[in-house]
Number of protein chains: 2
Amino acid sequence: MPRRRGDTREQIREVALELFAEQGYEKTSLREIAERLGVTKAALYYHFKTKEDIVTSLFEDFKADIDELRSWAREQPVTPELRREVVRRYAEILRGAGKLIQFMQENGPAVREMKAGGDARERFRAFAEILVDKDASLPDQIRARLSLFSLNLAFVLRQEIDADDEAVHAAALEVALDLLPSD
Amino acid sequence: MPRRRGDTREQIREVALELFAEQGYEKTSLREIAERLGVTKAALYYHFKTKEDIVTSLFEDFKADIDELRSWAREQPVTPELRREVVRRYAEILRGAGKLIQFMQENGPAVREMKAGGDARERFRAFAEILVDKDASLPDQIRARLSLFSLNLAFVLRQEIDADDEAVHAAALEVALDLLPSD
DNA sequence: GTCTATAGGATGATAGAC
DNA sequence: GTCTATCATCCTATAGAC
């Protein structure tokens, strides 16, 4: 059965993300990705210039979503309600990006060294500055970071807590909103 | 200048932890560790049977501290004050283990596959069950996990927030205590 | 677009001399 | 305890045929 035209690139992305999230970036070889797809390594190199290029491609949609949210937020006056809305929208973006978040979360050293990873971390950092005043107390600074983190963490906790994804997600969002400065 | 007797094993541990935390487990080769110490790879293999064995050794003190805290906690009646005290003592244990925590945190896939790593994660999981009732609400479940996590996270945030380590640590502890169920 | 074949190198680990 | 030398295996990446 032949692969449908234009499908291969997308299939590489899917399999790569799956493996990167599951067993890590370094431990996942291009040979393994190719084998799962029933092609050779050389075929991968036709679609992506390097291994890192696959990661870059994986981050693209996520980066675009985050940038859109950030530029929207920049146009609004900073109020407690804006902050809550930013967290809600951020949570919505994360929903579709579970494996990417897990990959980012659990492959710090590898991600840090890649351009796309550094960009994503920088975006994450920039969000914290929307959620809390620069001169807020240290505990509030930490709470704001933890708020974003609680959403990321939901993906890890789902495996540990016995409850369905929808419920965990809703609960994580509730916790995240509680962690914002009350002003 | 000759190395002092019995020092080499300890020096290997120090350099390895430094590199594992900084650039990741997989990206750190035994050659690199040996080079930093001015010895050869073969010398490393005299002190440790495998690369994973170095990690096992790194986790040993931490595991002992955690086990002691857990068995102490088991003998106490579960009250809100016990929970707060457990978090305080956990925070104290983490203080001396910054790089190990960072390594654990940022090398999920590698750590997960190693016996010592799995043990450490299991201990972490077990702590959550002391901090919150099994039948507590889902948000409270998440908050309890996030409480422990906030302490871990302090080590990462120190680099990002402009404040001295002592202050960040104290603030992280305050946030952690706030996240416990109020009962 | 996908293949075979291979370059060029690093890696974890071991054997055996000193 | 530390060394030299080596093994077997894996890796990313490329050249060139089909």
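Proteins get letters first, then strands, A, B, ... in listed order; numbering begins at 1 in each.
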A:Leu44 atom CG is separated from D:dA15 atom P, nearest whole Å, by 17 Å

Nearest-nucleotide check on DNA chain D, A:Glu26 vs A:Ala42; residue mapping nearer the 5' end is A:Glu26

**B:Thr8 vs D:dG1: side-chain N/O to OP1/OP2 distance below 4.0 Å** = no

- Item | Sugar-phosphate, base or nothing in reach of B:Thr40, heavy atoms under 4.0 Å | base

Here the distance between atom P of C:dG1 and atom NZ of A:Lys49, to the nearest Å, is 19 Å

Rounded to the nearest 0.5 angstrom, the CG-CZ distance for A:Leu100 and A:Phe62 is 6.0 Å

Here the distance between atom C1' of D:dG1 and atom CZ of B:Phe48, to the nearest Å, is 14 Å

Separation of C:dT11 atom C1' from B:Ile33 atom CD1, nearest Å, is 12 Å

For D:dT2, take OP1 and OP2 only and decide whether either is under 4.0 Å from a side-chain N or O of B:Tyr46. no

Return no unless some side-chain N or O of A:Arg31 is found under 4.0 Å from OP1 or OP2 of D:dC11. yes

Exceeds 12 heavy-atom contacts within 6.0 angstrom, atom CD of B:Glu129 | yes

Separation of C:dT11 atom P from B:Lys41 atom NZ, nearest Å, is 8 Å

Please determine, by modelled atom types, if B:Gln23 and B:Glu32 share a side-chain donor-acceptor pair under 3.5 angstrom.
yes

Among the nucleotides D:dC11, D:dA13, C:dA13, whichever has the atom closest to the side chain of A:Ser29 is D:dC11

Picking from C:dT2, D:dA13, C:dG12, the nucleotide nearest the side-chain atoms of A:Ala43 would be C:dT2

A:Glu113 CD to D:dT12 P, in whole Å, measures 15 Å

Check your understanding: If you draw the axis of the six-membered ring of B:Phe20, does the NZ or CZ of B:Lys27 fall within 45° of it and under 6.0 Å from the ring centre?
Key -> no

Separation of C:dA13 atom P from B:Leu30 atom CG, nearest Å, is 7 Å

Q. Looking at B:Arg89 and B:Glu92, does any basic side-chain N land under 4.0 Å from a carboxylate oxygen?
A. no

Between OH of A:Tyr45 and P of C:dT6 the distance, given in whole Å, is 18 Å

